[in-house]
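As the structure lists them, so they are numbered: ligands from 1, and atoms in each ligand from 1. Just so we're clear, the structure is a prediction, and the values are computed from it rather than from any experiment. Counting begins at 1 with the first residue of the sequence.
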Amino acid sequence: MTFATPHANSPAPQRFPVVIVGAGPAGLALGNILRAASVDCVVLETETREFIERRPRAGVIEEWAVRALERRGLAANLLERAQLHTECEFRFAGERFRFSYGELTGQHHFVYPQPLLVTDLVREYADVRGGAIRFGVRDVELHDVDSDRPSVSYLCPETGQRQVLHCDFVAGCDGARGVTRTVLPPDRTRIARHDFGIGWLALLAEAPQSADCVLFGLHPNGFAGHMARSPEVTRYYLECPPGDAPENWSHDRVWSELRARLGAAGAPPLTEGRLIEKRVLDMHNYVVEPMVFGRLFLAGDAAHLTAPIAAKGMNLALHDAFLLGDALVAHLTKGDASGLDGYSATCVSRAWDYAEFSQWLSEVYHGTSSGDPYRAGTTRARLHRLFDSRLAAAAFAEGYLGLNTSG
Ligand code: RFL
């Protein structure tokens with residue numbers, strides 16, 4: 001099958017084999033895979049390029065995902081600049097419990113801020129591989145995705161006119177608040193949701209990291225987390241009531257709670273700095289099944305949300321993109337539909353696996369502060385088992401690194 005390369009700015013209806021909605025990690029990784037196989041596609045994104053290249057979010061990437069990016073020529077900067085993490089530390093009852101998952105598995109995490117990965121992916125897609133991308137689009141609509149002649153339309157930011165793109169497939173990579181999920185028919189789709197009933201104040205501090213690994217503070221006042229991002233910026237989390245207002249958290253209150261919740265005997269003091277991001281996340285998960293409707297294939301947060309409890313969302317988004325990219329290439333270039341047929345089941349299985357790990361870890365984080373002495377007791381038992389049992393430790397390491405699923 002051959003396709004003419006369309007011009008994304010032309011006002012006439014255009015045709016692309018694949019229209020990708022959303023330029024996050026999922027949409028951009030997918031676009032890169034398609035372009036590498038000379039399959040034409042266009043990415044539609046509501047924000048500007050500058051915005052997506054700066055939007056701070058994830059930072060922890062699992063090794064299997066990095067190796068998959070590397071195989072596809074998408075990890076050069078990451079491999080040069082990312083930190084490697086092989087340990088994490090639980091701080092509990094004034095003590096430090098260091099967990100060496102690298103020693104148990106021979107694998108590690110890469111710490112590389114999501115905006116840098118997005119910058120790398122958009123540059124490779126648009127500037128190197130010549131992929132079409134439209135920024136600032138408005139009011140994206142999907143049409144006839146349950147037919148073999150789907151299309152996507154949007155309001156062009158320059159002209160205000162509705163532009164129609166005909167295609168063979170639509171990839172819904174528009175994240176948790178996108179539009180593509182909304183066209184799934186309720187009678188053929190199951191959306192399973194879980195609300196953790198807690199909030200996290202997500203913070204970015206203009207300060208170097210305070211420890212050489214991720215820290216989890218399990219404290220009666222609430223969970224606190226420390227995660228490296230870059231030499232100048234560190235992410236912190238503080239458990240708070242869901243729906244809490246960031247304005248309730250002054251600079252002094254934030255640092256005093258972080259000091260209390262992450263404090264432990266012999267721990268060096270936190271390196272404090274200006275807070276450059278402060279937002280409350282209400283922690284919830286969902287999984288959409290199936291992730292496919294007709295010619296629409298969802299990927300990433302559009303299909304499944306995992307609260308940042310276990311740092312899994314971007315990893316899952318990349319997983320979907322790798323699978324969907326390979327499956328679309330096989331279908332469009334060789335007529336092999338087997339990858340597309342198995343896509344949803346494989347991705348959903350991994351999403352559930354990660355969701356279960358997040359739920360398990362959530363109880364470790366939040367049991368101590370639940371106010372329920374029973375949950376506090378079982379949390380204590382979970383933590384001690386991690387350090388007393390090599391088998392329990394191995395199971396945790398496997399889940400933490402995303403090792404126990406195929407794909
Ligand atoms: P994204 O990144 O949300 O990208 C979706 C893109 O679609 C655009 N969009 C639309 N475009 C066109 N038309 C529409 N109607 C559109 N609606 C939306 C959006 O502007 C956006 O550019 O989804 P994707 O690609 O599925 O990637 C998911 C990840 O971004 C997400 O799972 C992670 O950020 C989650 N996450 C983490 N994941 C990890 O694996 N490791 C981590 O360490 C980690 N830390 C985090 C996180 C998420 C966080 N927040 C803010 C929820 C830390 C935080 C604080």
>> Classify the ring geometry of Trp200 against Tyr365: parallel below 30°, tilted from 30° to 60°, perpendicular beyond 60°.
In response: tilted

>> Among residues at least two apart in sequence or on other chains, which ones pass side chain to side chain donor-acceptor pair (under 3.5 Å) with Asn221?
In response: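 Testing Asn221 for side chain to side chain donor-acceptor pair (under 3.5 Å), a comparison that skips the adjacent residues, returns Glu257.
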
> Do Trp255 and Tyr236 have their ring centres less than 6.0 Å from each other?
Replying inline: yes

> Quick one: are Phe99 and Leu104 in side-chain contact, heavy atoms under 4.5 Å?
Replying inline: yes

>> Quick check for you: to the nearest 0.5 Å, what is the distance between His143 atom NE2 and Arg149 atom CZ?
In response: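 One finds 14.5 Å between NE2 of His143 and CZ of Arg149.
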
> Got a second to check how far Glu124's CD is from Asp120's CG, nearest 0.5 Å?
Replying inline: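 Reported to 0.5 Å precision, the distance equals 9.0 Å.
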
> Using a 4.0 angstrom limit on heavy atoms, which residues are close to ligand 1?
Replying inline: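 Residues near ligand 1: Val21, Gly22, Ala23, Gly24, Pro25, Ala26, Leu44, Glu45, Thr46, Glu47, Ile52, Arg55, Arg57, Ala58, Gly59, Val60, Gln114, Val140, Cys173, Asp174, Gly175, Gly178, Val179, Arg229, Arg235, Tyr237, Arg279, Leu281, Gly300, Asp301, Pro308, Ala311, Lys312, Gly313, Met314, Asn315, Ala317.
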
